[in-house]
Amino acid sequence: PTASENQNFCFKDELDAFKLSLSPNKEVILEHYLAGWSGLVKFLNRLGNVFGFISKDASSKIQILKNFLNGEHGSEYFTVQSMVKYELENNLVDLKKAGSHPESGCRTLLRLHRALRWLELFLERLRTSQEDGKTSVMCADAYNESLAQFHPWVIRKAAGLAFCMLPGRLSFFEAMNVGTPDQVVAMLGEALPVVVEVYQITQDLYAKHDLLDIP
Ligand code: 1Q0
């Protein structure tokens, strides 16, 4: 990315959205959660076209949830907690096999939620990486430890190829437009606990309602 493109992008803003998504009583506000994801997708798009199949899928899931949020029952979708309650009480989720609600909010959010675990693992690796660390390896390790188990072979293969196209650690840090490598590392240290907390709250909620395997 050129300097002028960088001026209106700062990775910290994207992660701040996740901070904003935590309400005072520790619910996850959907609008900010989606804003966090949109920012990540924006970042991904800047890294190159080879990530297009990933950002397309993420964008379409963000859009499905935005449509609920802006739809007739939008107020029920204010938080992830209220969404789960509303969709379950009204039988709007295909719990065991795909049926008449293949794109429920619960199902769609679960896909993003699983990817958030990948993000957490990847950011932690970036944060603690040495100068000669390889982003492609960090990304692949994080993926294999998390999201990969939910993906069929062909997607794992495509993802693996895409990871090889990631820029090196320094270019990657520069693309984040946060500052010096030390500043990036410090920012990651502040941002990670937020990502972990949002992930954990969602994970506990989904586990409590037995929603972790919806197809
Ligand atoms: C930086 C490289 C980004 C790598 C992203 C890792 C995720 C790889 C996922 C590849 C699969 C995408 C293709 C579609 C998969 C779907 O089948 C799957 C399941 O959905 P469904 O409807 O078929 O049941 N979808 C998913 O699993 C959702 C995947 C969402 C991925 C969202 C990635 C958003 C990208 C973020 C880039 C952040 C870069 C962070 C940089 C941090 C810098 C400090």
Side-chain angles (χ1 to χ4, degrees), residues 1 9-18 33-65 94 97-98 101-129 133-179 181 183-192 194-195 212-215:
F9 182 91
C10 175
F11 194 73
K12 195 175 176 311
D13 296 343
E14 318 314 340
L15 289 175
D16 277 346
F18 284 110
Y33 184 87
L34 295 177
W37 275 112
S38 298
L40 292 170
V41 168
K42 206 164 70 180
F43 182 80
L44 187 61
N45 285 333
R46 288 154 42 90
L47 292 179
N49 292 332
V50 289
F51 305 103
F53 75 106
I54 303 173
S55 73
K56 269 208 199 86
D57 185 70
S59 299
S60 88
K61 289 178 166 57
I62 294 167
Q63 194 56 52
I64 290 169
L65 289 163
D94 293 340
K97 59 177 183 2
H101 305 287
E103 294 194 329
S104 63
C106 287
R107 184 241 182 241
T108 304
L109 190 118
L110 177 61
R111 271 53 186 176
L112 295 177
H113 167 68
R114 288 168 175 168
L116 198 61
R117 173 76 180 152
W118 160 80
L119 184 72
E120 172 195 334
L121 297 173
F122 180 50
L123 295 184
E124 178 58 19
R125 280 178 165 80
L126 269 180
R127 188 182 75 82
T128 55
S129 60
K134 284 206 183 325
T135 48
S136 55
V137 174
M138 297 181 235
C139 186
D141 287 348
Y143 175 75
N144 289 332
E145 222 179 278
S146 57
L147 254 189
Q149 60 182 295
F150 304 108
H151 289 161
W153 182 86
V154 55
I155 289 190
R156 292 202 304 267
K157 196 79 194 160
L161 288 173
F163 298 158
C164 296
M165 307 299 286
L166 281 173
R169 181 176 177 274
L170 264 190
S171 324
F172 199 90
F173 278 8
E174 273 165 24
M176 290 166 74
N177 203 27
V178 169
Q183 287 170 317
V184 173
V185 168
M187 185 279 286
L188 289 174
E190 280 173 42
L192 259 159
V194 179
V195 173
L212 287 168
D213 300 308
I214 31 186

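Read the numbers this way: they start at 1 and go in the same order the structure lists the ligands and their atoms. Counting begins at 1 with the first residue of the sequence. As a basis for the values below, the full set of heavy atoms in this structure was taken, side chains included, without hydrogen atoms, waters or symmetry mates. The shown structure was predicted, so the numbers you read here are calculated from the model rather than taken from an experiment.
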Output the list of atoms in ligand 1 that are nearer than 4.0 Å to some heavy atom of [X], sorted by atom number.
X: Met176; answer: 43 (C), 44 (C)
X: Leu123; answer: 42 (C), 43 (C), 44 (C)
X: His151; answer: 9 (C), 11 (C), 18 (C), 26 (C), 27 (O)
X: Ala58; answer: 32 (C)
X: Phe43; answer: 39 (C), 41 (C)

Mind checking whether [X] and [Y] have side chains closer than 4.5 Å, heavy atoms only?
X: Leu34; Y: Leu112; result: yes
X: Asp94; Y: Ile214; result: no
X: Leu126; Y: Phe172; result: yes
X: Tyr33; Y: Leu109; result: yes
X: Ile64; Y: Arg111; result: no

Honestly, for Leu166 the part within reach of ligand 1 (heavy atoms, under 4.0 Å) is side chain
Is Val184 touching ligand 1 with its side chain, its backbone, both, or neither, if touching means heavy atoms under 4.0 Å apart? neither
Among all protein heavy atoms, pick out the one at the shortest distance from [atom]; state its residue, atom name and that distance to 0.1 Å.
atom: atom 19 (C) of ligand 1; result: Arg111 CG, 3.7 Å
atom: atom 7 (C) of ligand 1; result: Leu147 CD1, 3.6 Å
atom: atom 30 (C) of ligand 1; result: Ala115 CB, 3.9 Å
atom: atom 35 (C) of ligand 1; result: Leu44 CD2, 3.6 Å
atom: atom 40 (C) of ligand 1; result: Leu119 CD1, 3.8 Å
atom: atom 10 (C) of ligand 1; result: Ile54 CG1, 3.8 Å
atom: atom 37 (C) of ligand 1; result: Leu40 O, 3.8 Å
atom: atom 26 (C) of ligand 1; result: Asp57 OD2, 3.5 Å

If hydrogens are left out, which of Val178, Ile155, Val41 has an atom nearest to atom 15 (C) of ligand 1, that is, the closest non-hydrogen atom?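 Considering heavy atoms of Val178, Ile155, Val41, the nearest to atom 15 (C) of ligand 1 sits in Ile155.
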So, for [X] and [Y], which heavy atoms are closest and what is the spacing to 0.1 Å?
X: Leu15; Y: Ala191; result: CD1-CB, 3.4 Å
X: Glu124; Y: Leu192; result: OE1-CD1, 3.2 Å
X: Leu47; Y: Ala175; result: CD2-CB, 4.4 Å

Quick one: does [X] get a heavy atom under 4.0 Å from ligand 1?
X: Phe172; result: yes
X: Lys61; result: yes
X: Arg107; result: yes
X: Phe163; result: yes

With a 3.5 Å distance limit and no angle check, can you tell me whether Arg114 reaches the backbone of Leu212 through a side-chain donor-acceptor pair? yes
Backbone of Pro215 reached by a side-chain donor or acceptor of Arg107 within 3.5 Å: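 At least one qualifying donor-acceptor pair exists.
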Got a list of side-chain donor-acceptor pairs under 3.5 Å for residues 137-145, not counting sequence neighbours?
unit_1	atom_1	unit_2	atom_2	d
Tyr143	OH	His151	ND1	2.7
Asn144	ND2	Ala140	O	3.2
Glu145	OE1	Arg125	NH2	2.9

List, one per line, each side-chain donor-acceptor pair under 3.5 Å for residues 49-59, sequence neighbours excluded.
unit_1	atom_1	unit_2	atom_2	d
Ser55	OG	Asn45	OD1	2.8
Ser55	OG	Gly52	O	3.4
Asp57	OD1	Lys61	NZ	2.9
Asp57	OD2	Lys61	NZ	3.2
Ser59	OG	Ser55	O	2.8

Can you measure from CZ (Arg127) to CG (Leu123) and round to the nearest 0.5 angstrom? 10.0 Å
State whether the shortest distance between N or O atoms of Trp37 and N or O atoms of ligand 1 falls below 3.5 angstrom. no
Can an N or O of Tyr143 be found at a distance shorter than 3.5 Å from an N or O of ligand 1? no
